[in-house]
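Notes for the one structure printed next.
Indexing begins at 1, ligand by ligand and atom by atom, following the structure's order.
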Amino acid sequence: MFYDYLKSQRQKLALLKDKIYRESDVRRALACERLDPHDLMALLSPSALPLLEEMAQKARQLTARNFGRTISLFAPLYLANYCANSCLYCSFNCRNSIDRRKLTLQEVELEGQAVADTGLGHLLLLTGESRQHSGPGYIQACVERLRPYFASLGIEVYPLAEEEYEHLYEGGVDSLTLFQETYDEKVYASVHPAGPKRDYRWRLDAPERACRAGIPGVNIGALLGLGEWREDAWATALHAQYLQKNYPDVEIALSVPRLRPHVGGFQPQASPVTDVALVQIILAYRLYLPRAGITLSTRESPHLRESLLPLGVTRMSAGSLTSVGGYASTAGSTQFEIADERSVPEIASMLSRSGYQPVYRDWINLKGIEGSVGR
Ligand code: SF4
């Protein structure tokens with residue numbers, strides 16, 4: 001399992017604890033086709049800062065070779081915001097007094113129709129982490145309602161057992177997004193003071209359970225800014241590589257979410273992730289994992305999203321809401337503030353102006369559909 005692999009890689013790195021990565025280490029990593037975990041650390045080190053432009057050039061080439069000039073678009077749909085956890089950095093924390101809501105199946109369909117009317121074919125379904133309020137049966141029922149409207153449906157929900165992932169896959173779910181939040185076990189314990197999410201290992205192994213269950217796309221990430229970002233980015237890339245190696249049929253992708261303002265005002269101890277740091281992380285991911293998708297959400301500002309486009313990004317959310325409901329009905333409390341509020345057509349025309357093809361759907365998943373493949 002990845003836990004043991006990460007531990008062994010950390011031990012190897014600890015043997016070089018006092019090693020300072022120099023510019024020559026970064027140059028060597030830039031010259032290699034296949035990078036090892038030390039090369040990755042060099043690319044994430046302060047010594048890489050003067051070489052960001054060279055890293056960007058190579059990242060552009062690798063992205064064009066593996067993905068062309070295309071950006072796949074998707075929208076999130078929050079089904080419920082009940083949560084059994086008390087993550088210090090999230091508005092849906094069960095100790096926060098916010099409006100709690102769960103969409104009925106009819107509301108789910110109306111919200112889905114409103115997103116589908118924008119032309120988007122990829123939808124990501126999210127819930128707070130509450131088995132009691134949004135159990136696997138409810139998620140499955142939502143998937144059934146939405147299958148006719150979308151080419152592809154992903155989920156971002158609490159970690160499930162392998163059989164539960166199998167069941168959802170058979171019902172039409174074709175991708176999983178699950179963030180470890182931080183790979184640092186001590187920080188993980190401190191920012192998750194209560195609730196089932198305290199189980200670090202159960203969460204860490206969930207992407208692998210989804211791969212074993214046959215889900216074709218798995219997207220992982222750390223919430224950058226919770227722990228030391230260099231270490232979290234390093235561990236995330238190792239995790240993605242481990243999954244790619246062991247499950248070659250699964251499309252592995254990474255997200256680069258940064259902490260955003262939310263209810264509660266939690267301030268992490270770790271150093272903040274500046275815009276330059278975010279650029280460095282994306283470049284290091286692209287150089288280390290040339291075939292992995294990289295997702296950039298509306299957490300980032302329009303200007304920054306456009307600047308980051310050529311560096312390796314392959315997937316973007318568009319026209320997003322982080323409230324339960326809101327596409328077709330009144331919006332409830334939001335999980336976090338978004339920074340890019342542009343509509344789907346606005347994002348699409350920005351992409352076209354920048355020389356990229358906005359992709360509304362790049363494949364159709366026929367699982368879970370009876371009779372028609374929808375729109
Ligand atoms: S991050 Fe997820 S698990 Fe934590 S409080 Fe928010 S919704 Fe719940």
**Asked** Charged N to carboxylate O under 4.0 angstrom, R201 versus D205?
**Response** yes
**Prompt:** Got D117 and Y327 here, is their nearest side-chain heavy-atom distance under 4.5 Å?
**Reply:** no
**Asked** Are Q113 and Y149 linked by a side-chain donor-acceptor pair shorter than 3.5 Å?
**Response** yes
**Fill in**
ligand 1 to F92, heavy atom cutoff 4.0 Å, flagged ligand atoms 5 (S), 6 (Fe), 7 (S)
**Item:** Ligand-residue contact atoms, ligand 1 with C83, heavy atoms, under 4.0 Å
**Value:** 3 (S), 5 (S), 7 (S), 8 (Fe)
**Part of K197 with heavy atoms under 4.0 Å of ligand 1, whether side chain, backbone, both or neither** = side chain
**Request:** May I ask you to check whether E208 and Y247 show a side-chain donor-acceptor distance below 3.5 Å?
**Result:** yes
**Message:** Among L105, L126, T127, exactly one meets side chain to side chain contact (heavy atoms under 4.5 Å, CB included) together with L79. Which residue is that?
**Reply:** T127
**Atom indices of ligand 1 within 4.0 angstrom of N85 heavy atoms, with elements** = 3 (S)
**Prompt:** What are the atoms of ligand 1, with element, lying closer than 4.0 Å to any heavy atom of N93?
**Reply:** 5 (S)
